[in-house]
Amino acid sequence: MLSFWAKTSGTWINVMTILLGTGVGLLLRDRLPQAMRQIITQAVGLMTLVIGFSMVQSLPRIEAGPIDGIILALLAMVAGGLLGEWGQIEKRLIGVGDFLKKQFRGGGRFTEGFVAASLLFVIGPMAILGSLNNGLSGDHTILALKSTMDGLASVALTGSYGVGVGFSILPVLVYQAGLSLLAGTLATALPDPTNDPRILIVTGIGGMIILGLSLNLLEVGKVRVASFLPALLVGPLVVAIVKAWL
């Protein structure tokens with residue numbers, strides 16, 4: 001029987017690297033001119049773009065009857081986006097950021113940094129698969145790799161947005177530790193998570209959301225990314241409905 005710390009060890013490593021990256025970013029922030037900070041943010045935006053494109057490649061692999069996985073993801077994104085707008089998720093997430101900003105006297109782009117980092121660090125297959133693997137076997141290899149990536153991204157994001165990036169550890173802690181602790185139950189429902197259509201559609205939808213985030217980081221447009229978060233729950237439901245009816 002694994003202990004609480006063994007099941008969640010990868011999450012704690014992730015939290016520490018984000019905090020470390022934020023600290024380094026704060027040290028470098030005042031020593032770099034605005035143009036250089038902007039370049040760093042653009043580099044993160046471009047890398048986020050690459051990550052998003054790699055994640056959406058899972059959609060054609062979905063096997064759920066005659067309907068293409070891309071169409072299923074589109075249906076889930078539309079339905080999830082409407083739910084997100086109805087529930088004002090974007091506004092509520094910004095509200096959490098503003099609350100933390102006020103409580104800890106954060107300045108500048110605190111809320112933008114909190115929202116961007118939270119979405120970037122939580123959405124993705126490594127968070128899901130790594131947390132499940134950690135919870136089942138105590139192996140935190142996947143989350144350790146993710147932690148390294150998140151730590152480096154934290155340095156860059158903090159250079160542009162400030163200390164708000166560090167507070168992204170709150171959703172990371174809740175989400176990843178929660179998945180790790182529920183891993184035994186989830187493993188029964190997902191015997192082969194890497195090929196399960198429900199995981200594939202969540203990964204693909206997550207990639208689309210990450211692409212929206214990259215557009216925001218690159219200042220190409222303003223996508224209401226958080227509003228699409230319910231699509232991550234709607235996606236598996238759409239797959240289940242299609243498989244049951246067709």
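Between Ala226 and Leu119, the shortest heavy-atom contact is N-CD1, 4.4 Å. Closest approach of Val239 and Pro197 over heavy atoms only: CG1-CB, 4.0 Å. Nearest heavy atoms, Leu179 versus Ile128: CD1-CA, 4.0 Å. Between Met208 and Ala73, the closest heavy-atom pair is SD-CB, 4.2 Å. Across Val56 and Gly207, no two heavy atoms sit closer than the pair CG1-C, 3.7 Å. The two residues Leu49 and Ser214 come nearest to each other via the heavy atoms CD1-OG, 3.0 Å.
To the nearest 0.5 Å, the span separating CZ on Phe228 from CG on Leu82 amounts to 8.5 Å. Glu90 contributes atom CD, which lies 8.5 Å from atom CG of Leu229 (distance to the nearest 0.5 angstrom). A distance of 10.5 Å separates CE of Met77 from OG of Ser227, quoted to the nearest 0.5 Å. Atom-to-atom distance recorded for Met47:CE and Ile210:CD1 is 13.0 Å, nearest 0.5 angstrom. Taking CD1 of Ile67 as the start and CD1 of Ile62 as the end, the distance is 11.5 Å to the nearest 0.5 Å. The CG atom of Leu232 lies 13.0 Å from the CG atom of Leu237; values are rounded to the nearest 0.5 Å.
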Could you go through Leu217 and Leu157, starting from their C-alpha distance and side-chain angles, then the distance that decides it, and tell me whether this counts as side-chain contact (heavy atoms from CB on, under 4.5 Å)? CA-CA 9 Å; Leu217 290 171; Leu157 289 173; 4.0 Å; yes

Please evaluate residues Leu233 and Leu83 with respect to the criterion side-chain contact (heavy atoms from CB on, under 4.5 Å), reporting the C-alpha separation (whole Å), side-chain torsions for both, the decisive distance (0.1 Å), and the verdict. CA-CA 11 Å; Leu233 299 176; Leu83 285 173; over 6 Å; no

Under the side-chain contact (heavy atoms from CB on, under 4.5 Å) criterion, do Val223 and Leu213 qualify, and how do the steps go? CA-CA 7 Å; Val223 181; Leu213 178 60; over 6 Å; no

Apply the test side-chain contact (heavy atoms from CB on, under 4.5 Å) to residues Thr48 and Val44: give CA-CA distance (whole Å), side-chain angles for both, the deciding distance (0.1 Å), then the verdict. CA-CA 6 Å; Thr48 305; Val44 175; 3.9 Å; yes

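When the options Phe114, Tyr161, Phe121, Phe110 are evaluated for a ring-ring contact (aromatic ring centres under 6.0 Å, His included) with Phe167, the one that passes is Phe110. Checking Thr17, Thr11, Asn14 one by one against Lys146, the side chain to side chain donor-acceptor pair (under 3.5 Å) holds for a single residue, Asn14.
Side-chain contact between Asn216 and Lys222 is present, with heavy atoms from C-beta onward closer than 4.5 Å.
At distances below 3.5 Å, not a single donor-acceptor pair connects side-chain atoms of Ser168 with backbone N or O atoms of Gly164. Put simply, the side chain of Asp150 never gets that close to the backbone of Ile18: no donor and acceptor are under 3.5 Å apart. Of the possible donor and acceptor atoms, none in the side chain of Ser154 sits under 3.5 Å from a partner among the backbone N and O of Thr22. The closest donor-acceptor contact from the side chain of Arg92 to the backbone of Gly87 lies under 3.5 Å. Side chain of Asn134 to main chain of Ala6: a donor-acceptor pair is present (N/O by atom type, distance under 3.5 Å, no hydrogens or angles).
Residues Val242 and Leu74 are members of separate hydrophobic clusters, defined by side-chain heavy-atom contacts under 4.5 angstrom among Ile, Leu, Val, Met, Phe, Trp and Tyr. Note on Leu145: it clusters hydrophobically with Ile123, by side-chain heavy-atom contacts below 4.5 Å among ILVMFWY residues. Cluster membership for Phe53 and Leu200, using ILVMFWY side-chain heavy atoms within less than 4.5 angstrom, is shared. Cluster annotation: Leu132 is connected to Phe4 through the hydrophobic network of ILVMFWY side chains, with a link wherever side-chain heavy atoms come within less than 4.5 Å. A continuous path of ILVMFWY side-chain contacts below 4.5 Å connects Leu170 to Leu173, so both sit in one hydrophobic cluster.
The closest side-chain donor-acceptor pair between Ser131 and Gln176, if any, does not fall under 3.5 angstrom.
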